[in-house]
Amino acid sequence: MVERRYDKNKFEPWRDPAAKPYVSIDRVTKKFGDFVAVNNVSLKIYQGEIFCLLGGSGCGKSTLLRMLAGFEAPSGGSICLDGQDLADTPPYERPINMMFQSYALFPHMSVEKNIAFGLKQEKLPRGEIASRVEEILGIVRLTEFARRMPHQLSGGQRQRVALARALVKRPKLLLLDEPLGALDRKLREHTQFELINIQEQLGVTFIVVTHDQEEAMTLASRIGVMNRGEIVQIGTPTEIYEFPTSKFVADFIGSVNMFEGRLVEDLPDRVRIQSDELGGVIHVDHGISAAPGAVVWAAIRPEKIDIRRTPPGSMAENCVRGVVKEIAYMGDMSVYLVKIDSGKTVRVTLPNIERLSDDERIVWDETVYLTWHPGSPVVVTQ
Ligand code: ATP
């Protein structure tokens with residue numbers, strides 16, 4: 001039985017105003033000439049977190065990570081680790097290790113020598129090196145591969161060697177840049193869970209950079225979504241997915257149907273949006289405090305829409321008619337692309353709970369009705 005340092009369900013230090021952040025990034029900016037790669041980013045990360053920086057290519061996430069490691073100097077702002085300002089600490093003196101995208105193992109050294117390399121450079125006593133290498137080999141489950149060379153390992157095993165090599169030095173903070181990028185999908189999934197287990201056993205704080213939202217959703221205690229050098233939202237995976245605060249985040253994480261409209265009613269417990277894109281009214285069961293008549297967007301996830309053959313009792317709200325234009329059978333679920341009367345295409349996903357016979361199945365060109373619960377749409381104003 002693996003002993004866990006943190007109960008993930010209860011581990012939420014960011015909600016405790018008295019909790020001391022472990023990493024404090026305060027108004028950090030990085031300019032390359034006139035180009036602003038990281039723009040005024042402030043972040044507080046707590047000990048024991050797996051914090052994921054998530055964003056598209058070029059949004060500045062690696063630059064932020066490189067500033068933490070000390071490979072780039074901020075143009076402005078400060079970075080503190082465990083209460084210590086890192087500005088004057090060179091990379092090799094920071095209690096931080098970085099695991100790169102390409103694992104860069106030494107090809108001519110065995111697994112154990114690769115792992116021991118950093119400790120030898122630190123001139124630790126031989127006995128201590130041996131016991132630390134043995135311990136970490138056990139944690140990453142590579143004991144039996146200790147004498148193999150990197151080319152005799154699978155991609156997943158090489159990834160674990162790189163992780164062991166980074167962890168054996170017992171950094172306070174481990175930075176991981178696209179750690180699972182080189183692995184195929186199935187191995188990635190498996191390794192994600194392994195990474196969480198190892199992190200929980202050791203209690204090291206991880207900051208992970210990824211462009212892969214599924215990876216961030218699986219690994220992260222919290223996610224910082226980046227766009228054009230700025231952090232646009234910080235939250236737990238559930239908060240980011242269920243309560244995006246902007247069109248950008250709603251669209252970046254998972255798929256979403258976005259309907260532009262105007263607020264026609266905004267009360268504390270309900271909102272009504274008249275949407276030409278929908279060709280009807282969207283009713284939401286919570287208020288948003290925006291000006292009446294404001295342009296807003298209702299974001300509805302494909303799995304929160306129901307698809308039916310017969311019209312519901314009332315078509316007045318949260319319902320639209322359309323024709324099925326595409327169906328993709330994915331095994332565990334099916335994706336339907338439905339062209340609604342306004343001309344917009346709506347994406348709906350349904351789990352394949354039962355095996356349906358041919359005449360039960362919804363088919364191409366069938367007229368259908370899409371409905372959703374008023375708790376399902378998220379309304380954003382930007
Ligand atoms: P990716 O996922 O593609 O690695 P990223 O979010 O990690 O993207 P960064 O590597 O942080 O992006 O780069 C952010 C921006 O800064 C990019 O537009 C990049 O071209 C620019 N940039 C990065 N390093 C330099 C540099 N040394 N000189 C000039 N521009 C740079």
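Note that this is a predicted model, so its numbers are computed, not measured.
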TODO: Could you tell me how the ring of Y46 sits relative to the ring of W14: parallel (under 30°), tilted (30 to 60°) or perpendicular (over 60°)?
DONE: tilted
Open item on the list: Looking at R27, I'd like to know if its CZ atom is crowded, meaning that more than 12 non-hydrogen atoms belonging to other residues, nucleotides or ligands lie closer than 6.0 Å.
Closed with: no
Task: Over 12 foreign heavy atoms within 6.0 Å of CD, E317 - done: yes
- [ ] Output all residues satisfying side-chain hydrogen bond (donor to acceptor under 3.5 Å, both in side chains) with E230, sequence neighbours left out; order by chain, then residue number.
- [x] N39
Task: Reported OG1-to-CD distance for the pair T218 and Q213, which is rounded to 0.5 angstrom - done: 9.5 Å
- [ ] Kindly compute the distance separating CD (E12) from CZ (R222), expressed to the nearest 0.5 Å.
- [x] 9.5 Å
- [ ] Give the minimum heavy-atom separation between I282 and S275, together with the two atoms involved.
- [x] CD1-CB, 4.3 Å
Open item on the list: For the backbone of I50 and the side chain of S221, can you confirm whether one donor and one acceptor N or O come within less than 3.5 Å of each other?
Closed with: yes
Open item on the list: Taking I139 as the starting point, is it possible to reach L219 by hopping between hydrophobic residues whose side chains are less than 4.5 Å apart?
Closed with: yes
Open item on the list: Distance check, rounded to the nearest 0.5 Å: I253 atom CD1 versus M217 atom CE?
Closed with: 6.5 Å
Task: Minimum-distance pair of heavy atoms, taken over all atoms of M98 and F71 - done: SD-CE1, 3.9 Å
Open item on the list: Checking E128 now: which residues fulfil side-chain hydrogen bond (donor to acceptor under 3.5 Å, both in side chains) with it, not counting sequence neighbours?
Closed with: R132
Open item on the list: Within the supplied structure, the quantity of interest is the number of heavy atoms (other residues, nucleotides, ligands) at a distance under 6.0 Å from R272 CZ; does it exceed 12?
Closed with: yes
Task: Atom of C80, atom of D85 and distance for their closest heavy-atom approach - done: SG-CA, 3.7 Å
Task: Stepwise side-chain hydrogen bond (donor to acceptor under 3.5 Å, both in side chains) check, N352 with S334 - done: CA-CA 7 Å; N352 289 321; S334 292; 3.2 Å; yes
Task: Between NZ on residue K169 and CG on residue L167, distance to nearest 0.5 Å - done: 12.0 Å
Open item on the list: Taking atom CD as the centre, does E214 end up with more than 12 heavy-atom neighbours from other residues, nucleotides or ligands that are less than 6.0 angstrom away?
Closed with: no
- [ ] Report the distance from atom OG of S62 to atom CG of D177, rounding to the nearest 0.5 Å.
- [x] 4.0 Å
TODO: Working to the nearest 0.5 Å, report the span between CZ of F206 and CD1 of I196.
DONE: 10.0 Å
Open item on the list: Count I, L, V, M, F, W, Y as connected when their side-chain heavy atoms are under 4.5 Å apart, and connections chain through other members. Are V204 and V133 then in the same cluster?
Closed with: yes
Open item on the list: Between R15 and E239, does any side-chain N to carboxylate O distance fall below 4.0 Å?
Closed with: yes
Task: Nearest heavy-atom neighbours spanning Y369 and P312 - done: CB-CD, 4.2 Å
Task: Within 45° cone of Y241 ring axis and under 6.0 Å: R301 NZ or CZ - done: yes
Open item on the list: Minimum heavy-atom separation for R160 and V140, please, with both atom names.
Closed with: NE-O, 2.7 Å
Task: Members besides M109 in its Ile/Leu/Val/Met/Phe/Trp/Tyr cluster (side-chain heavy atoms under 4.5 Å) - done: F106, F117
Open item on the list: With a 6.0 Å cut-off (strictly less than), is the heavy-atom count around CG of D332, excluding the residue itself, greater than 12?
Closed with: yes
Open item on the list: I'd like to know if L278 and V368 are part of one continuous hydrophobic network [Ile/Leu/Val/Met/Phe/Trp/Tyr, side-chain heavy atoms within less than 4.5 Å].
Closed with: yes
Open item on the list: Assess whether a salt bridge exists between E242 and K304, defined as any Lys/Arg side-chain N lying under 4.0 Å from an Asp/Glu carboxylate O.
Closed with: yes
Task: Heavy atoms of other groups near F32 CZ, more than 12 under 6.0 Å - done: yes
Task: For V264, the rest of its hydrophobic cluster, which grows through side-chain links under 4.5 angstrom - done: none
TODO: Indicate if V28 and V225 have the same hydrophobic cluster label, given that clusters are the connected sets of ILVMFWY residues with side-chain heavy-atom separations under 4.5 angstrom.
DONE: no
- [ ] Only counting residues at least two apart or in another chain, list the ones meeting salt bridge (charged side-chain N to carboxylate O under 4.0 Å, His left out) with D82.
- [x] K172
Open item on the list: Is there a continuous path of hydrophobic side-chain contacts, each under 4.5 Å between heavy atoms, that joins L370 to V284?
Closed with: yes
Listed pairs under 3.5 Å, donor-acceptor, residues 343-350 side chains, sequence neighbours left out:
from	atom 1	to	atom 2	distance (Å)
K344	NZ	M258	O	2.8
T349	OG1	E303	N	3.3

- [ ] Over all heavy atoms of both residues, which pair between V41 and G229 is shortest? Give the atoms and the distance, please.
- [x] CG2-O, 3.5 Å
